[in-house]
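Worksheet: one structure, shown below.
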Amino acid sequence: MRRLIKTRSTPREFNIIECTDCSMTIGWFIDVPDQCLSYELDHRVRGTDDWSTETFLSGDVMTDEDFLSGDVMKDEDGRRMYKLQNLKPETYYEFKMRSVYKDDVKSHYSESKTKQTLKLVLQLSEEDKTSYKKLMQTSETENRYFVRTMIVGKETVGKTCLLKRLLKEDISDVTSTDGVDIVVRRCKINIEDGKWIIGKEIDDDKVSRIKRALDPNAKKRVTQNMQVDEKNLKRSEDDEMSTHQKYTSDTKDSLDKSDYKNESAILAMSEDLTTDSKVNLDQNGDTNESSSLVMPADSTSDAKFNQDNNEEKKESSSLVMPDDLVSNVFSKTADNTLSNLYALCELWDFAGQKEFYATHQAFLTSSAVYLVVADMKDDISKQGLSQCFADFQHIGEYVDFWFDSIHCHRTTKERPGSGHFDPPILLVFTGKDRYENEADFMKREKELNGQLDQVFGYQSKYHHLHSKFYLSNIKDNDEEFEKLRYAIFESAQKMGNWGNAFPLKWILLEHLIEINKNNGKNFINFTDMSHLAKHPDITMVDHQDLMLFLRFQHNVGNIIFFENIPDLIILRPQWLADAFRCLVSDRVENRRLHHLVDWTLFIRQGKISEPLITQLFESKVGSQFSGQNDNLHKIMEKLDILVKIENSNYIMPSMMPSAKFEHVCKNNGILTEKCKKTSWICFKFEFLPPSFFNHLSAWFIRNYNPSKVEGGIALYRGICMFDIDRSGGTKILVTMSTDTIALQIVTFSEQQAVLESLCSSIYNKVTQLFKNITERYKVKISFKLHFQCSDGYYFQDTFEYENLKTVEELFCIHHKQMHRSDQMYSPWMNNEVKRIPDRVDIGNRQDDNTQSNFMVFNYLPFVNLSFNQFHFF
């Protein structure tokens with residue numbers, strides 16, 4: 001009788017994920033892990049018929065000891081891993097794999113994979129090992145060079161093609177960027193001549209950098225070859241990195257270990273960034289986020305650092321901590337010679353669609369060279385003044401917008417003597433091939449130059465511009481792009497952070513972070529980072545030293561670190577960009593989502609459910625976010641990408657629908673005589689990033705209930721309305737224009753309502769929120785306080801507060817009459833009450849027994865201003 005053959009799931013996405021000179025680590029996913037008992041891994045030297053088979057147990061979660069004895073480990077994203085050792089160096093091996101189930105039922109083999117082991121690595125002698133370890137315990141420093149290039153601009157102007165041309169790649173299969181694409185380890189720049197070295201997995205020269213520190217001749221050559229602009233030697237106190245005192249060669253040798261600790265304590269860390277109180281600046285009062293982040297155990301093939309403190313070992317058990325870190329660094333290279341000094345170069349390609357701009361804020365920095373890309377055929381125009389900042393009216397406004405955005409990240413308030421602000425901008429016009437006739441090209445170039453002068457004039461943001469380039473991604477040869485490459489290097493060389501000296505031991509901590517990245521760690525908390533820094537080969541125990549390190553790593557783009565969210569350190573920025581992409585992108589691969597009620601709510605109202613979030617994160621094949629929903633939710637909430645509301649639902653501010661201001665007011669009865677209104681308080685910015693309103697609306701959503709309207713809630717892009725009492729009859733209107741955020745309280749109640757204290761408290765909390773945002777993203781943004789009468793246009797012809805205080809009345813253009821100044825600003829500027837009521841205070845979600853609290857707040861005895869006392873124009 002024929003035997004019935006059962007088939008089971010073949011290991012999915014089988015691949016070789018790590019390779020050394022003597023080992024390979026393979027990884028895979030499986031659909032039914034609980035039923036799989038073991039695996040068979042067949043391997044052979046390529047070109048031979050001699051297959052060998054390794055059989056090893058499955059197991060959902062194995063301990064470190066199990067793994068070292070030859071079993072399987074499971075990564076954060078559910079991937080299984082197995083390390084095959086004792087292989088020959090520089091040899092191609094072929095692998096295939098299958099699952100084994102009960103009764104010896106086996107799956108089909110996976111697709112075979114082939115890879116070559118690396119060259120035999122460099123082994124340190126005990127003498128060298130001791131010398132290098134001693135070196136790392138001194139105050140020795142190195143000059144650091146990096147080039148972070150950010151490519152920004154409107155969609156479809158050729159940014160991705162430009163990136164590929166810079167990397168000498170083919171552009172025939174280019175698609176538009178979806179979110180942010182970060183290109184790392186693809187190029188480095190010789191700091192002596194500016195030549196780019198382009199390739200795959202470019203080495204970061206850690207070993208050469210360490211060896212150079214012990215070679216006096218090498219250090220002398222570096223000093224002779226460095227040609228640093230005079231402005232780089234004296235950095236402004238307002239520089240984002242000016243808080244780091246510069247180490248100099250004539251003093252560093254005299255500093256012993258204890259001196260370095262004292263020096264690090266002196267490293268000027270500005271008051272607004274270094275105090276421990278900054279840890280809890282989040283207005284929601286969330287503290288010690290690390291304790292609530294779900295941190296699954298990572299796999300590791302390295303021996304764990306044997307810490308004396310058992311608690312510390314338990315807390316950091318998911319971290320990879322090789323005992324001999326110095327040897328581990330040297331084991332990554334076979335080169336024993338000193339190389340030239342290079343600057344690692346990263347290129348960041350930003351999507352041009354406005355939907356992504358709220359997420360871009362997390363990645364922008366002052367420590368980068370910006371390529372602002374525009375199409376030659378598009379005119380350059382100034383951003384229009386509109387009520388709701390929903391969309392640019394003209395394509396050319398994108399150039400003005402990006403100059404403003406970059407100007408927010410300037411490193412000094414006043415323009416330095418060199419004539420240019422950091423960060424530098426290179427303006428790249430694409431589409432030159434449309435102007436083949438030289439006369440037509442010259443005419444268009446003159447027009448664009450005239451438009452630039454017209455739009456920017458004498459504005460300070462114009463002084464970020466270093467050079468203009470006119471290119472054709474399609475027809476220009478590489479010589480034209482070589483000019484741009486050199487200009488990027490030259491601009492980076494002139495920046496205030498070029499060649500600054502930092503502790504040599506940072507190399508080891510960077511390497512340790514890289515090990516954990518490669519081990520599947522996408523983010524860690526501050527406690528874990530502290531454990532890494534305390535490795536015996538590093539011994540970075542001072543809090544300020546670690547903060548200095550983290551700031552630098554954030555500036556160069558190695559990590560994402562916000563000082564007022566210290567327990568969220570993103571080790572892999574691309575991972576965060578990919579997470580944003582899952583929610584913001586319109587390229588959803590699972591078309592069934594479009595038929596869900598949840599999807600309709602998301603598209604129409606910006607409301608998103610937890611099940612839909614899960615589906616969006618898992619919508620891509622081989623999703624890296626599988627099993628990480630809790631962590632992703634917390635990260636998105638911390639960055640105000642998502643705001644939790646009722647019944648496991650969220651609001652995504654950047655996806656709220658657009659609406660016209662007059663329609664919102666009409667639909668909510670604000671234009672009727674029954675509605676009484678305070679004056680407008682207007683925060684008028686020199687430049688207002690769109691993400692600011694997202695942060696503001698997120699704060700209001702957390703503290704108040706959105707007003708209900710027919711068919712949904714009153715949350716729109718640039719216009720929101722919230723109930724500030726239980727009845728829903730008193731509301732606050734929050735809106736914005738191109739350069740203004742404005743607030744107004746309205747009521748439909750016939751009863752006398754006392755709201756002066758509420759107005760002033762909201763003003764205090766909102767200004768504090770703006771301060772927190774600017775500190776988090778390191779932006780220089782300021783506003784002037786303006787007011788407007790209740791029926792006036794909040795976005796134009798407003799009254800500046802400083803002027804209102806000097807006169808008793810002013811002429812209103814809107815009403816063609818005089819208004820009393822104090823009646824305009826007095827509701828908002830009373831500072832007697834500092835506390836703002838939240839949902840608990842006003843009883844929005846409480847039962848009837850909280851009514852007395854609500855009444856007490858509304859009728860505090862010292863409050864003497866009511867709606868009846870307001871002047872309604």
Side-chain angles (χ1 to χ4, degrees), residues 144-153 159 162-163 166 187-189 191 194 196 226-236 238-242 343-350 360 363-374 380 398-430 448-449 452-453 455-456 458-471 481-500 552 554-557 687 778-780:
R144 296 297 298 265
Y145 306 91
F146 65 92
V147 182
R148 186 175 178 183
T149 307
M150 317 285 256
I151 306 176
V152 300
K159 298 187 298 298
L162 176 65
L163 181 147
L166 287 171
C187 59
K188 58 185 178 182
I189 304 174
I191 69 167
W196 288 37
M226 280 176 54
Q227 301 196 358
V228 183
D229 192 288
E230 182 65 26
K231 85 177 188 74
N232 294 345
L233 299 178
K234 183 177 181 181
R235 305 172 59 199
S236 167
D238 294 301
D239 192 321
E240 179 180 353
M241 298 176 63
S242 67
L344 282 179
C345 181
E346 287 189 358
L347 296 104
W348 297 54
D349 182 12
F350 288 80
H360 287 353
F363 305 105
L364 301 182
T365 174
S366 65
S367 302
V369 177
Y370 286 84
L371 306 187
V372 177
V373 186
I380 298 172
Y398 280 85
V399 174
D400 190 28
F401 168 82
W402 276 111
F403 267 76
D404 275 328
S405 297
I406 295 164
H407 190 53
C408 291
H409 291 272
R410 63 191 181 278
T411 56
T412 59
K413 293 179 180 178
E414 301 297 330
R415 185 158 55 97
S418 63
H420 289 100
F421 280 113
D422 282 347
I425 294 176
L426 302 178
L427 184 54
V428 181
F429 291 101
T430 59
L448 291 172
N449 286 332
L452 283 171
D453 290 336
V455 170
F456 296 109
Y458 295 101
Q459 297 180 65
S460 57
K461 62 186 176 184
Y462 202 12
H463 295 288
H464 289 272
L465 182 62
H466 281 225
S467 300
K468 296 190 291 286
F469 289 85
Y470 298 85
L471 296 170
F481 291 90
E482 185 62 30
K483 297 175 185 176
L484 179 57
R485 293 188 195 102
Y486 188 80
I488 293 171
F489 159 72
E490 193 174 40
S491 298
Q493 191 181 38
K494 294 176 182 178
M495 293 180 69
N497 52 31
W498 183 262
N500 285 348
F552 177 82
H554 175 85
N555 290 336
V556 302
F687 169 66
K778 303 293 190 300
V779 290
K780 288 181 171 59

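Because only heavy atoms are used, hydrogens play no part in the values below, and waters and symmetry mates are left out as well, while side chains stay in.
In plain terms, the two heavy atoms of Ala343 and Val147 that are nearest each other are CB-CG2, 4.1 Å. The two residues Ala368 and Pro424 make their nearest non-hydrogen contact at O-CD, 3.5 Å. Across all their heavy atoms, Phe146 and Ser367 have their closest contact at CE1-O, 3.6 Å. The two atoms that bring Val556 and Arg148 nearest to each other are O-CD, 3.6 Å, heavy atoms only.
Considering only residues two or more places apart in sequence or on other chains, Ser460 meets the side-chain hydrogen bond (donor to acceptor under 3.5 Å, both in side chains) condition with His407. In this structure His463 satisfies the side chain to side chain contact (heavy atoms under 4.5 Å, CB included) test together with Arg415, Phe421, sequence neighbours excluded. Take Tyr470 and apply the ring pair (Phe, Tyr, Trp, His ring centres under 6.0 Å) test, not counting sequence neighbours, and it matches Phe429, Phe441. Listed by chain and residue number, Arg485 satisfy the salt bridge (charged side-chain N to carboxylate O under 4.0 Å, His left out) test with Glu482 (two or more places apart in sequence, or in another chain). For Leu465, the side chain to side chain contact (heavy atoms under 4.5 Å, CB included) criterion is met by Phe403, Ile425, Leu427, Tyr462, Lys468, not counting sequence neighbours.
Checked against Met150 for a side chain to side chain contact (heavy atoms under 4.5 Å, CB included), the options Val369, Thr365, Val372 give a single hit: Thr365.
Side-chain contact between Leu471 and Phe481 is present, with at least one heavy-atom pair separated by less than 4.5 Å. When side chains are defined from C-beta on, Tyr370 does not count as touching Trp402, because their heavy atoms never get closer than 4.5 Å. Ile406 has its side chain out of reach of Leu364: every pair of non-hydrogen atoms, C-beta onward, lies at least 4.5 Å apart. Considering only heavy atoms from C-beta on, Leu484 comes within 4.5 Å of Leu166 through its side chain. Under the 4.5 Å side-chain criterion, counting only non-hydrogen atoms from C-beta, Phe489 is not in contact with Cys345. Residues Asn500 and Tyr145 have side chains not in contact (no heavy-atom distance under 4.5 Å, counting atoms from C-beta outward).
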Assess whether side-chain contact (heavy atoms from CB on, under 4.5 Å) is satisfied between Phe456 and Asp400, documenting all intermediate values. CA-CA 8 Å; Phe456 296 109; Asp400 190 28; 3.6 Å; yes
Would Trp196 and Ile488 count as a side-chain contact (heavy atoms from CB on, under 4.5 Å) here? Give the steps. CA-CA 10 Å; Trp196 288 37; Ile488 293 171; 4.0 Å; yes
Go through the steps for Leu371 and Leu162 under the test side-chain contact (heavy atoms from CB on, under 4.5 Å), then give the verdict. CA-CA 10 Å; Leu371 306 187; Leu162 176 65; 4.1 Å; yes
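Salt-bridge check for Asp422 with Lys494: failed, with every basic side-chain N at 4.0 Å or more from each acidic carboxylate O.
For the pair Lys780 (side chain) and Arg410 (backbone), a donor-acceptor distance under 3.5 Å is present. Side-chain atoms of His464 come within 3.5 Å of backbone N or O of Pro423 as a donor-acceptor pair.
Distance NZ/Lys461 to OG/Ser405: 9.5 Å, rounded to 0.5 Å.
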